[in-house]
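Below you'll find the structure, written out as structure tokens, and then a few comments.
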Amino acid sequence: MRNSWLVAKREFSSFFASPVAYVFIAIFLMLSSVFTFFVGNFYDRGQADLLPFFNFHPWLYLFLVPAIGMRSWAEERRSGTIELLMTLPITATEAVIGKFVAAWGVLGLSLSLTFPLWITVNYLGDPDNGIIIAAYIGSWIMSGAFLAISMCMSAITKNQVVAFILAIVICFLFVVCGSSIVLDAFQHWAGNLIIDTIASFSFLTHFEAMAKGVLALNDVGYFAILTVLWLYACLIIIEQKKAD
């Protein structure tokens, strides 16, 4: 694990050695404010909470997280530094974990910088801060699943744009499969078991309670298992590419 930590520190520093992290954080903070106060009708609701803020996170992550994850392996392969990385005394598993931890740390930092919104709701009312903290944790856990998918897509290709598009498509399927638009298409011919199964894979279905501060074991476990599975798929791809 020490090697994973070294890779994580290297990757985390590389994000801030270029404009990538700064641009990502700026866009995330700007869109979070826009969605919360304008699209989410924050003031019209008359409630001092951050539910409008968290409700839009799956849609924010859908585009922003692939932008962070697309460079993790595609850039290494394009520049040829992946060969150098694999000659170091670290395993592919340690490299995958290290890169994931670094990018996940950037996502966590972005979330933490939205604290002015938290201060705002406390100034305007008396919210349950325990619920808000739980929702922040739930959002960060969900972002890990988005990131794992994005990293896996990045491992497939040298082209960051292709990795970005593939990640958006896969993440989009996981987001919308629980929406009424998708489920209504199955309503007329599929049984309840099939519909419930499809809905159970949706990020929206599992994050709905988390956005309200309820960290249920099945929801947290879903995102954790999904993250591990996609990171394992990423590892298999990296090992295969290394063998080639």
Side-chain angles (χ1 to χ4, degrees), residues 8 11-43 49-72 74-75 99-123 127 129 131-154 160-161 163-172 174-176 203-204 206-208 210-213 215 223 226-227 230:
E11 288 295 313
F12 190 81
S13 299
S14 71
F15 278 114
F16 292 93
S18 67
V20 173
Y22 301 102
V23 172
F24 174 85
I25 292 173
I27 293 176
F28 180 79
L29 296 179
M30 180 185 68
L31 291 180
S32 294
S33 299
V34 170
F35 282 131
T36 301
F37 292 109
F38 298 101
V39 182
N41 298 319
F42 177 82
Y43 293 108
D49 60 31
L50 286 181
L51 190 58
F53 168 64
F54 291 112
N55 279 341
F56 285 103
H57 279 198
W59 303 105
L60 282 175
Y61 292 151
L62 175 61
F63 294 98
L64 295 182
V65 175
I68 284 288
M70 68 180 184
R71 67 187 293 274
S72 57
E75 177 63 21
K99 283 178 171 289
F100 174 79
V101 169
W104 203 26
V106 173
L107 295 175
L109 176 62
S110 303
L111 266 177
S112 67
L113 290 177
T114 62
F115 71 90
L117 296 176
W118 190 355
I119 295 175
T120 299
V121 296
N122 275 275
Y123 176 77
N129 288 309
I131 290 178
I132 293 177
I133 292 174
Y136 266 107
I137 294 173
S139 178
W140 191 46
I141 292 172
M142 180 179 66
S143 73
F146 277 96
L147 179 59
I149 295 173
S150 302
M151 287 183 60
C152 185
M153 295 302 102
S154 179
Q160 293 189 46
V161 176
F164 177 72
I165 294 173
L166 288 174
I168 288 179
V169 171
I170 300 298
C171 291
F172 179 74
F174 273 102
V175 170
V176 302
F203 284 7
L204 294 177
H206 289 280
F207 186 64
E208 183 179 6
M210 299 172 77
K212 298 175 182 177
L215 296 179
F223 287 118
L226 201 66
T227 300
W230 280 100

State, yes or no, whether a side-chain contact exists between [X] and [Y] at a heavy-atom distance under 4.5 Å.
{"X": "Ser110", "Y": "Phe24", "result": "yes"}
{"X": "Ile132", "Y": "Val121", "result": "yes"}
{"X": "Trp118", "Y": "Asn129", "result": "yes"}
{"X": "Met151", "Y": "Lys99", "result": "yes"}

Taking only distance into account, with no hydrogens and no angle test, what donor-acceptor pairs under 3.5 Å do side-chain atoms of residues 27-35 form with protein atoms, sequence neighbours excluded?
from, atom 1, to, atom 2, distance (Å)
Ser32, OG, Phe28, O, 2.7
Ser33, OG, Leu29, O, 3.1

Atom of [X], atom of [Y] and distance for their closest heavy-atom approach:
{"X": "Phe15", "Y": "Arg71", "result": "CE2-NH1, 3.4 Å"}
{"X": "Gly69", "Y": "Ser72", "result": "O-OG, 2.8 Å"}
{"X": "Val20", "Y": "Ile68", "result": "CG1-CD1, 4.2 Å"}
{"X": "Ala134", "Y": "Gly213", "result": "CB-O, 3.3 Å"}
{"X": "Ala167", "Y": "Ile149", "result": "O-CG2, 4.4 Å"}
{"X": "Ser154", "Y": "Ala163", "result": "CA-CB, 3.7 Å"}

With rounding to the nearest 0.5 angstrom, report the CZ to CZ distance, Phe174 to Phe223. 10.5 Å
Once the angle between the rings of Phe203 and Phe146 is folded into 0 to 90°, is it parallel (under 30°), tilted (30 to 60°) or perpendicular (over 60°)? perpendicular
State whether the side chain of Trp104 and the backbone N or O of Ala148 hold a donor-acceptor pair below 3.5 Å, judged by distance alone. no
Hey, mind stepping through Thr114 and Tyr136 against side chain to side chain contact (heavy atoms under 4.5 Å, CB included) and telling me if it holds? CA-CA 10 Å; Thr114 62; Tyr136 266 107; 2.8 Å; yes
For residues 50-60, tabulate all N or O donor-acceptor pairs below 3.5 Å that involve a side-chain atom, not counting sequence neighbours.
from, atom 1, to, atom 2, distance (Å)
Asn55, ND2, Leu51, O, 3.3
His57, ND1, Ser139, OG, 2.6
His57, NE2, Phe53, O, 3.4

